[in-house]
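Beneath this line is the structure, given in structure tokens, with notes to follow.
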2 protein chains.
Amino acid sequence: MDKYDVLKLDNQLCFPLYAASREVVKKYHPLLSRLDLTYTQYITMMVMWERREISAKEIGERLLLDSGTLTPVLRSLEKKGLITRKRADSDERVLLCTVTPAGMELREQAVGIPTELAGCVALSPEEARSLYHLLYKLLGRE
Amino acid sequence: MDKYDVLKLDNQLCFPLYAASREVVKKYHPLLSRLDLTYTQYITMMVMWERREISAKEIGERLLLDSGTLTPVLRSLEKKGLITRKRADSDERVLLCTVTPAGMELREQAVGIPTELAGCVALSPEEARSLYHLLYKLLGRE
DNA sequence: GCCGATTCGATTGAATTCAATTAAATTATA
DNA sequence: TATAATTTAATTGAATTCAATCGAATCGGC
């Protein structure tokens with residue numbers, strides 16, 4: 001036991017968090033490529049399916065993404081015809097995003113993905129619940 | 001309760017994993033910038049501090065990173081004088097990385113980081129342990 | 001109305017991240 | 001020994017990711 005043990009990879013909490021996140025996103029790849037979506041585009045569409053019309057700022061708050069990440073994602077979703085982007089009448093600084101009918105249709109093809117992915121995860125339902133709560137606690141959201 | 005509930009952001013396990021990973025890496029940023037290291041460079045140096053001499057392939061296995069990510073990281077660490085890169089005599093395909101004296105000295109400045117970061121994390125020791133084990137289980141490594 | 005502060009989105013630049021491919025070297029097999 | 005298969009890095013290309021900065025629009029106090 002020496003003072004450098006705190007710097008061992010196996011003693012880090014952050015590393016498995018970082019690695020697990022990348023591994024799970026990687027598992028989504030084959031499923032999402034069938035919908036021609038990246039993972040970031042997918043979670044953005046999740047917000048759009050829930051809210052139908054929402055400002056770019058609110059999307060960023062929900063996903064914890066800043067505009068440097070979100071701006072190209074939203075543009076790409078608009079280019080695919082899944083959302084529209086327009087300035088709000090009441091405040092020209094606000095970018096309003098609205099899901100299109102084609103965007104809503106995509107939800108039909110996406111509905112199988114969560115269960116399909118759950119099959120790839122080696123956690124019991126209680127473990128998954130426990131992990132979920134710990135992560136939200138880590139995010140300072142409960 | 002309709003069939004689209006599985007697509008709600010709040011019902012995803014992957015999203016808080018993805019968001020928490022980015023948030024925690026972001027917390028490292030001010031600490032690591034004092035060492036002129038990015039997070040990826042930091043965990044690579046952790047491996048180097050433990051192993052002193054190791055092949056690029058083994059680093060990738062340890063960090064779950066492929067060569068497309070690792071190659072520029074190793075080059076950058078060499079450029080800073082923290083490691084050296086050379087081909088193995090026994091097998092020219094193997095890239096051997098060795099930590100330099102300057103690289104070992106950097107460990108002295110890094111040793112405070114884990115405890116400094118622990119202060120930013122709102123989890124009790126038991127919760128942290130529990131999260132650690134769940135993440136390694138998710139990674140299929142226990 | 002006027003001016004400074006704030007908000008919002010876009011832009012830029014550096015670093016990841018990974019799939020897919022290539023190239024070189026080694027090993028295994030006929 | 002030839003040839004095929006495998007291993008290991010490197011390269012390429014597309015998409016993130018975020019810090020820092022900018023410009024336009026709005027808001028607040030006077």
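Every chain is numbered from 1 and lettered A, B, ... according to where its sequence line falls, protein lines coming before strand lines.
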> If you take all heavy atoms of L70(A) and G60(A), which pair is closest and at what distance?
Replying inline: CD2-N, 3.4 Å

> Side chains of Q41(A) and S76(A): is there a donor and an acceptor less than 3.5 Å apart?
Replying inline: yes

> Using the C1' atoms of the five pairs at each end, what is the angle between the end axes of the helix from dG1(C)-dC30(D) to dA30(C)-dT1(D), to 10°?
Replying inline: 20°

> In terms of the angle between their ring planes, are Y18(A) and Y39(B) parallel, tilted or perpendicular, with boundaries placed at 30° and 60°?
Replying inline: perpendicular

>> If we ignore hydrogens and angles and just use 3.5 Å, is the side chain of N11(A) paired with the main-chain N or O of D5(A) as donor and acceptor?
In response: yes

> Separation of D36(A) atom CG from dA19(C) atom C1', in whole Å?
Replying inline: 15 Å

> Taking protein heavy atoms under 4.0 Å as touching, what does nucleotides 6-16 of chain C look like 5' to 3' if B marks base contact, S marks sugar-phosphate-only contact and - marks none?
Replying inline: -BSSBB---SS

> Over how many whole Å does the gap from E92(B) atom CD to dT6(D) atom C1' extend?
Replying inline: 18 Å

> For the pair made of CG in L32(B) and P in dC18(D), what is the distance, rounded to whole Å?
Replying inline: 15 Å

> Does the Q109(B) side chain pair with the main chain of E105(B), one donor and one acceptor, at a distance under 3.5 Å?
Replying inline: no

> When the distance from CG of L65(B) to C1' of dT8(D) is rounded to whole Å, what number comes out?
Replying inline: 16 Å

> dT17(D) C1' sits how many Å from Y28(B) OH, rounded?
Replying inline: 18 Å

>> How many whole angstroms separate atom CD1 of I54(B) from atom C1' of dA9(D)?
In response: 15 Å

>> Can you give me the closest heavy-atom contact between Q12(B) and Y132(A), atom names plus distance?
In response: O-CE1, 3.4 Å

> Once you round it to whole Å, what is the distance between P of dC18(C) and NZ of K27(A)?
Replying inline: 12 Å

>> Which heavy atom of L77(B) sits nearest to which heavy atom of M45(B), and what is that distance?
In response: CD1-SD, 3.9 Å

> Under 30°, 30 to 60°, or over 60°: which ring-plane class applies to Y42(B) and Y28(B), parallel, tilted or perpendicular?
Replying inline: tilted

